[in-house]
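See structure below.
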Amino acid sequence: MAMKVVVLVGGVGGAKLALGLAKVLPPEDLTVIVNTGDDTWMYGLRICPDLDTIMYTLSDLVNKENGWGIAGDTFQTISAMKRYGEDAWFGLGDQDMATHILRTRWLQAGSTLTEVTNHLTKKLGIHQQILPMTNASVATIVDTQEHGEIDFQTYFVRYRWQPTVKSLRLDGLDKAEVSPEVEAALNQADALIVGPSNPWLSIDPILSVPGMRDLIGSLKIPKVAISPIVGGEAIKGPAAKLMVELGHESSAEAVARYYGDLIDGFVYDASDDEMNAPQQYVTKFETIMKTDEIKVSLARNVLEWIQSW
Ligand code: FO1
């Protein structure tokens with residue numbers, strides 16, 4: 001299939017779709033723009049969980065049970081930290097640590113996150129372009145009933161997304177801009193796909209980079225989103241719980257309404273009831289990507305559907 005595709009993603013669901021697209025498209029035709037609002041510092045290291053998840057998924061290193069981290073990784077360093085009394089709640093694997101150590105070193109030497117990511121992906125044998133949403137450091141801050149404002153990984157990993165979310169905000173947007181690489185990829189795209197990632201936690205940070213919404217809005221190409229909500233539930237993670245806490249109903253239809261005229265097509269799961277979405281084009285496919293075959297068929301179905309418009 002020959003069309004230049006940009007996909008916006010964050011987290012495990014987005015990485016699965018990116019893998020499906022990577023198996024269907026020539027590598028030079030796929031650009032993955034990744035949320036970095038989850039990024040954090042741990043033990044002096046810069047961790048970019050969503051970039052890591054995409055890199056490990058596309059290089060087939062990923063721990064398939066978790067959907068993040070490296071398969072077969074060990075946790076000796078984290079165990080040794082616990083011996084010193086550290087409350088080491090973030091599961092950094094020993095091999096995974098190499099990614100963070102080198103990323104940190106190269107960032108500190110003056111490379112941009114885009115350059116560092118390009119270097120890491122090439123060394124992992126990935127030929128698709130993986131781009132952070134911006135080179136600036138932007139952090140998702142979660143205001144919770146129980147703990148007040150906490151950073152994203154504290155909410156997600158430490159408290160296992162159980163706190164009640166009052167609101168979300170992004171720190172650092174004032175210094176953020178669309179990178180030349182993201183701008184070029186979007187301007188050259190024949191289609192834009194918003195992955196089945198959390199609209200609030202993964203996609204919103206990308207769209208909030210100053211200039212991003214307008215740039216996407218100005219593109220005269222098909223734009224589609226895939227629902228992360230099936231049967232009113234999230235396939236993985238806090239999307240459904242969060243939707244209710246933020247005052248939405250937890251349904252694919254509410255996701256479609258939330259994206260509004262950002263997109264002109266919406267894909268939801270084949271098992272869901274028929275729905276009314278505000279978009280011009282709406283269709284159902286199997287979206288729960290349990291196997292590589294389903295990842296590929298979803299990617300192929302979405303691309304063929306777009307081409308039929
Ligand atoms: N997710 C967890 O649920 N627990 C962890 O201990 C954890 C460690 C971790 C380390 C490196 C990395 O790149 C990702 C990691 N993740 C972990 C996943 C990550 O926190 C989330 O999946 C995303 O931030 C949500 O998109």
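Atoms within each ligand, like the ligands themselves, are counted from 1 in listed order.
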_Tell me whether Arg160 has any N or O atom under 3.5 angstrom from an N or O of ligand 1._
no
*Say whether Asp52, considering both its backbone and side-chain N or O atoms, lies within less than 3.5 Å of an N or O atom on ligand 1.*
yes
*State whether the shortest distance between N or O atoms of Thr53 and N or O atoms of ligand 1 falls below 3.5 angstrom.*
no
*Is Asp50 touching ligand 1 with its side chain, its backbone, both, or neither, if touching means heavy atoms under 4.0 Å apart?*
side chain
*Indicate yes or no: does Asp264 engage Lys223 in a salt bridge with an N to O separation below 4.0 Å.*
no
_Suppose we measure from atom 19 (C) of ligand 1 to each protein heavy atom; which comes out shortest, and what is that distance?_
Pro49 CB, 3.8 Å
*Check: Thr104 and Trp41 side chains under 4.5 Å, non-hydrogen atoms*: yes
*Are any of the N or O atoms of Ser202 closer than 3.5 Å to those of ligand 1?*
no
*Is Pro132 close to Val34 at the side-chain level, that is, under 4.5 Å between some pair of heavy atoms?*
no
*Looking at side-chain heavy atoms only, is the closest gap between Pro49 and Asp39 below 4.5 Å?*
yes
*Work out whether the distance between some heavy atom of Phe152 and some atom of ligand 1 is less than 4.0 Å.*
yes
*Among all protein heavy atoms, pick the one closest to atom 5 (C) of ligand 1 and tell me residue, atom and distance.*
Trp68 CH2, 3.3 Å
*Measure from the side-chain N and O atoms of Ser197 to the backbone N and O of Val9, and report whether any donor-acceptor pair falls under 3.5 Å.*
no
*Would you check if the distance from the ring center of His248 to the ring center of Trp200 is below 6.0 Å?*
yes
*asked:* Please determine whether a side-chain nitrogen of the Lys or Arg among Arg103 and Asp52 lies less than 4.0 Å from a carboxylate oxygen of the Asp or Glu.
replied: yes
*By number and element, which atoms of ligand 1 are closer than 4.0 Å to a non-hydrogen atom of Gly11?*
26 (O)
*Polar proximity ligand 1 side, Cys48 side, N/O cut 3.5 Å exclusive*: no
*Does a side-chain heavy-atom distance below 4.5 Å link Gln280 with Trp309?*
no
*asked:* Can you report which non-hydrogen protein atom sits closest to atom 21 (C) of ligand 1, along with the distance?
replied: Phe156 CE2, 3.6 Å
_Main-chain N/O of Gly148 paired with Thr144 side-chain donor or acceptor, under 3.5 Å_ = yes
*Is it the side chain, the backbone, both or neither of Asn35 that has a heavy atom closer than 4.0 Å to ligand 1?*
neither
*Centres of the Trp161 and Tyr155 rings: under 6.0 Å?*
no
*Does a side-chain heavy-atom distance below 4.5 Å link Met3 with Ile306?*
yes
_Sub-4.0 Å atoms of ligand 1 with respect to non-hydrogen atoms of Asp38_ = 23 (C), 24 (O), 25 (C), 26 (O)
*For Asp96, counting its heavy atoms only, list the atoms of ligand 1 lying under 4.0 Å from any of them.*
10 (C), 11 (C)
*Report the nearest protein non-hydrogen atom to atom 9 (C) of ligand 1: residue, atom name, distance rounded to 0.1 Å.*
Phe90 CZ, 3.4 Å
*For atom 6 (O) of ligand 1, closest protein heavy-atom neighbour*: Gly91 N, 2.7 Å
*Protein heavy atom at shortest distance from atom 20 (O) of ligand 1*: Gln153 OE1, 2.7 Å
